[in-house]
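Reviewing the structure listed below.
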Amino acid sequence: MAAKFSTGLDIHCSIPYTSDTKLPYGFSSRLAIKRLTILCNSTSKSPKPPPNVVDSPGKNPSLSEQLKPLSNTILDDPPNQARILSKPKSTWVNPTRPKPSVLSLQRQKRSSYSYNPQIRDLKKFARRLSDCHFSDDGFLAVLEDIPHPPTRVNALLVLNSLRPWQKTLLFFNWIKTQNLFPLETIFYNVAMKSLRFGRQFQKIEELAYDMIESGIDLDNITYSTIITCAKRCNLFDKAVEWFERMYKTGLMPDEVTYSAVLDVYAQLGKVEEVMSLYERGRASGWTPDPVAFAVLAKVFGAAGDYDGIRFVLQEMKSLEVQPNLVVYNTLLEAMGKAGKPGLARSLFEEMVESGLRPDAKTLTALIKIYGKARWARDALELWERMKSNGWPMDFILYNTLLSMCADLGLEEEAETLFDDMRRSEHCRLDSWSYTAMLNIYGSVGNAEKAMALFEEMSKVGVELNVMGCTCLVQCFGRAKRIDDLVKVFEASVERGVKPDDRLCGCLLSVVSYCKGNDADKVLTCLQQANPRLAAFVKLLEDESTSFDILKEEFRSILSNTSDDARRPFCNCLIDICRNKNRSERAHELLYLGTVYGLYPGLHTKTPEEWRLNVRALSVGAAHTAFEEWMGTLARIVQSQEPLPEVLSANTGAGTHKFSQGLANAFASHVEKLSAPFKQSEEKAGFFIATREDVVSWVQSKAAATA
DNA sequence: TTAGGGTTAG
């Protein structure tokens, strides 16, 4: 399915990227080259530099101009998938052509420090300035107390130690007005760093224009500081604008600036642009360092792109770049997002064998992966190793362990850990910890403990968030403690929890299995959280509602619902219909859900086997889908059309300890219809019938009704 | 933050 990335860069058109289409990660990507050309030809819009600024853009060729010979070469070159994972040395079709360079292979040299014996006094002075709460004038007055003359070196030292950015700027302007020595690039760079810390992009840009106006050179450090500040402020178009400006003014980025820009595209999820820049860098003779590889790993991880992750690994191997801890951590995260727990596990072992010691981020990534994959044994083994090796822990790792326990249904382990955390001096129970515990109690339906925790939270002042509220609603719904449910819901809304689609879905599911007064109470909550959804439930019950009205209203509700909540909504609504004996409405909803794409892959067919996949359906929806399928099969039998040898239904085996047991409910429904589907002994969660069974079943039913 | 780039939570 084509997914559009939001661009964030108005100089770009939206770039459709298909994760299942192999994207050419290299020079074979004609599209990427074209897009980079668009990118580099674009002109920035605002704010304009002052009119008297001589920045001489155009004097030097732009990046796209410089790259023209390159793109010509490439565009003549047919796409070649095999080259993606190979060394790019084969890229150059014509080796006599000069390689256009996109980055400088020499990193900018830093000026060396010499020891300043006045460092202690000056740092102390800077601390005093930083801590004080003077007005601007007061600040300037204190400046007169500077313990040593504000020479170039002394002023730089103080400037570098000041915070927050307001004071840095005051001091910077003060040095400027003193006119004791010329302000060189480094003064601007140091000031910019402080401004970046305060995310003051506009102020940084003003300083940059000031430099241009005063004829002070911007160097790679200036540009990378500007670019990363823009990135941190989510001003990605600004980041690109300043990157382009470098080339226009004749300054070549070094690898630090270059990978800062790679990361701009990575954060936008622009895989093609990242790869295009990467390949251009490689073609310029660049051997990327671990930081650049961490950026590549991040972009592929965000896209869940396993081929891309493999590319990063192979590329590092072939260039003999040893991954560092951050690269491993990023790759592990990426493996998790790409749904490859086994490969994450072996990568982790490789990392440990290489002598690197995992940190809390490594372990957080891995524990999360094992939890989501429901790999209980691996998760618990890793937990033991963490303890016995004394590997570093932090509060996020503790909370991730709790969430993992929730994923795996490890109630006792979670309780022990929760109590350890309660007693620990190193970490505090926060809303994540409480929510993880509420998740566990919600899943096992332990209403007593959930209530105790809810009360404890308000006592110790930990705020309940929307997820905690959802867990509690689920818990009290299952325990049929509807008054408690209403109480928690109302208290949450009062405390500022904004119900989201998940919470509404949860309320809706409680409505589906409640009766009478209880259902009305929950509907009242839903009315508050999502009035249209509540009204739709009433519409379903009203016999006079036409199919067209139903269809229109349902479409409108779905379009206002987040993607991942749409199917749960439809499932619950079908359950509500079935529980109210409105079977025909349930069939209508299943039809609409299918039309609106909520049940992709519900039916799969091979010449040998037709399969109904109901794993993602609720019990009521699965029953409805099965009835629908049986009706279709009966029509096929009666009209003597061909059927495959095997017909099967897949309910899934329910690997989650808390899962409701769709298979069991399905089995009893099949029995009720006396349909010839038998639960498979070899494949858990499969129900199988032969063609002959189905044909004779349909015929005997037809004979009975005749 | 000690003049510039990359990694952790429903």
Side-chain angles (χ1 to χ4, degrees), chain A residues 107-111 113 119 122-123 126 130 156-165 168 184-198 218-229 231-232 239 253-264 266-267 288-299 301 323-334 336 358-369 371-372 392-404 406-407 430-436 438-439 442 465-468 470-471 500 502 564:
Chain A
R107 223 186 249 216
Q108 184 178 321
K109 295 267 184 306
R110 295 178 181 219
S111 55
Y113 267 121
I119 189 165
L122 289 164
K123 283 222 162 185
S130 296
L156 195 53
L157 215 151
V158 173
L159 189 68
N160 198 23
S161 313
L162 275 177
R163 68 205 63 153
W165 62 270
T168 311
E184 308 147 34
T185 307
I186 188 169
F187 282 85
Y188 283 89
N189 290 348
V190 172
M192 281 185 183
K193 193 181 65 164
S194 175
L195 289 168
R196 187 186 62 176
F197 206 69
L218 285 77
D219 62 13
N220 258 286
I221 296 176
T222 323
Y223 279 108
S224 58
T225 311
I226 297 172
I227 289 165
T228 52
C229 179
K231 189 171 64 182
R232 283 178 204 183
D254 65 8
E255 71 173 333
V256 176
T257 315
Y258 204 74
S259 47
V261 172
L262 273 187
D263 191 57
V264 169
Q267 286 200 15
D289 67 357
V291 176
F293 283 117
V295 173
L296 290 195
K298 182 170 75 174
V299 77
N324 64 13
L325 186 59
V326 176
V327 173
Y328 272 116
N329 289 351
T330 314
L331 282 167
L332 286 172
E333 273 274 299
D359 66 2
K361 286 176 180 163
T362 323
L363 300 165
T364 300
L366 212 54
I367 285 290
K368 189 179 149 194
I369 290 168
K372 295 284 164 254
M393 305 272 290
D394 65 5
F395 74 103
I396 294 181
L397 180 52
Y398 275 114
N399 284 339
T400 306
L401 284 166
L402 280 178
S403 303
M404 177 270 287
D407 285 331
D430 64 4
S431 75
W432 287 83
S433 337
Y434 278 97
T435 308
L438 288 176
N439 192 8
N465 58 29
V466 66
M467 183 179 168
T470 307
C471 296
D500 62 4
R502 278 185 179 219
D564 54 354

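A, B, ... follow the sequence lines: proteins, then strands. Residue 1 opens every chain.
- Counting only distance, with no hydrogens or angles, the side chain of A/Ser130 and the backbone of A/Arg163 share a donor-acceptor pair below 3.5 Å.
- When the nucleotides B/dA9, B/dG4, B/dG10 are ranked by their closest atom to the side chain of A/Arg502, B/dG10 comes out on top.
- Going from atom CG of A/Leu162 over to atom P of B/dT1 covers 15 Å, rounded to whole Å.
- Between the base of B/dG6 and the side chain of A/Asp289 there is no donor-acceptor pair shorter than 3.5 Å.
- Each of B/dA3, B/dG6, B/dG4 was ranked by its minimum atom distance to the side chain of A/Asp263; first place goes to B/dG6.
- Distance alone, capped at 3.5 Å, is enough to place a donor-acceptor pair between the A/Asp289 side chain and the A/Ala292 backbone.
- Taking atom CD of residue A/Gln108 and atom C1' of nucleotide B/dG4, one finds them 8 Å apart after rounding to whole Å.
- Rounded to a whole angstrom, the distance from the C1' atom of B/dT1 to that of B/dG5 is 14 Å.
- Residue A/Arg232 has no polar side-chain atom (N or O) positioned under 4.0 Å from OP1 or OP2 of B/dT1.
- Distance A/Leu325 CG to B/dT8 P: 13 Å, rounded to the nearest Å.
- Taking atom C1' on both B/dT8 and B/dG4, the two are 24 Å apart, rounded to the nearest angstrom.
- Here the side chains of A/Thr168 and A/Leu159 are in contact, with some heavy-atom distance below 4.5 Å.
- Considering only heavy atoms from C-beta on, A/Asn160 comes within 4.5 Å of A/Lys193 through its side chain.
- At a cut-off of 3.5 angstrom, the base of B/dG4 holds no donor-acceptor pair with the side chain of A/Thr225.
- For B/dG10, the base is stacked against the aromatic ring of A/Trp432, per a cut-off of 5.5 Å between centres and 30° between planes.
- Base engagement by A/Val327 is indicated by at least one non-hydrogen atom pair under 4.0 Å involving a base atom.
- Nearest to the side chain of A/Val190, among B/dG6, B/dT8, B/dA3, sits B/dA3.
- Across all strands shown, A/Arg107 has heavy atoms under 4.0 Å from base atoms, whether or not it also approaches the sugar-phosphate.
- Residue A/Lys231 has a polar side-chain atom (N or O) positioned under 4.0 Å from OP1 or OP2 of B/dG6.
- Under the 3.5 Å distance criterion, the side-chain polar atoms of A/Asn399 are left unmatched by any main-chain donor or acceptor of A/Leu402.
- One N or O donor and one acceptor, one from the side chain of A/Asp394 and one from the base of B/dT8, sit under 3.5 Å apart.
- With B/dT8, B/dG5, B/dT1 as the candidates, the nucleotide lying closest to the side chain of A/Ala260 is B/dG5.
- When heavy atoms are screened at a 4.0 angstrom cut-off, A/Asn399 is found touching base atoms of the nucleic acid.
- At a cut-off of 3.5 angstrom, the base of B/dG6 holds no donor-acceptor pair with the side chain of A/Asn329.
- Rounded to whole angstrom, the span from the CG atom of A/Leu332 across to the P atom of B/dA9 amounts to 13 Å.
- Residue side chain A/Thr435 reaches the base of B/dG10 through a donor-acceptor N/O pair under 3.5 Å, judged by distance alone.
- Remark: P of B/dA9 and CG of A/Asn465 are 15 Å apart, rounded to the nearest angstrom.
- Contact between the side-chain N/O atoms of A/Lys298 and the OP1/OP2 oxygens of B/dT7 is found at a separation under 4.0 Å.
- Checked by distance alone, A/Asp254 brings a side-chain donor or acceptor within 3.5 Å of a matching partner on the base of B/dG4.
- Between the side chain of A/Thr257 and the base of B/dG4, at least one donor-acceptor pair of N or O atoms lies under 3.5 Å.
- Across all strands, A/Phe395 comes closer than 4.0 Å to base atoms (heavy-atom distances).
- Rounded to the nearest Å, the gap between the C1' atom of B/dT7 and that of B/dA3 is 24 Å.
- In terms of phosphate contacts, A/Asn160 brings a side-chain nitrogen or oxygen within less than 4.0 Å of OP1 or OP2 of B/dA3.
- Remark: A/Phe293 engages no residue in a ring pair (Phe, Tyr, Trp, His ring centres under 6.0 Å) (not counting sequence neighbours).
- Atom CG of A/Leu262 and atom P of B/dG5 are 14 Å apart (whole Å).
- For B/dT7, the base has no donor-acceptor partner in the side chain of A/Thr330 [N/O atoms by modelled type, under 3.5 angstrom].
- Between the side chain of A/Lys368 and the base of B/dT8, no donor-acceptor pair under 3.5 Å is found.
- Residue A/Val326 is classed as a base contact, given a heavy-atom separation below 4.0 Å to a base.
- Side-chain atoms of A/Asp263 do not come within 3.5 Å of backbone N or O of A/Ala266 as any donor-acceptor pair.
- The CZ atom of A/Phe197 sits 5 Å away from the C1' atom of B/dT1 (whole-angstrom rounding).
- Applying the side chain to side chain contact (heavy atoms under 4.5 Å, CB included) rule to A/Asp254 yields the partners A/Arg107, A/Gln108, A/Asn220, A/Val256, A/Thr257; only residues at least two apart in sequence or on another chain are considered.
- Considering only side-chain N and O atoms, A/Arg196 lies nowhere under 4.0 angstrom from the phosphate OP1 or OP2 of B/dT1.
- If you measure from atom CD1 of A/Ile221 to atom P of B/dT2, you get 13 Å, rounded to the nearest angstrom.
- Judged by atom type and distance alone, A/Arg163 reaches the base of B/dT1 through a side-chain donor-acceptor pair under 3.5 Å.
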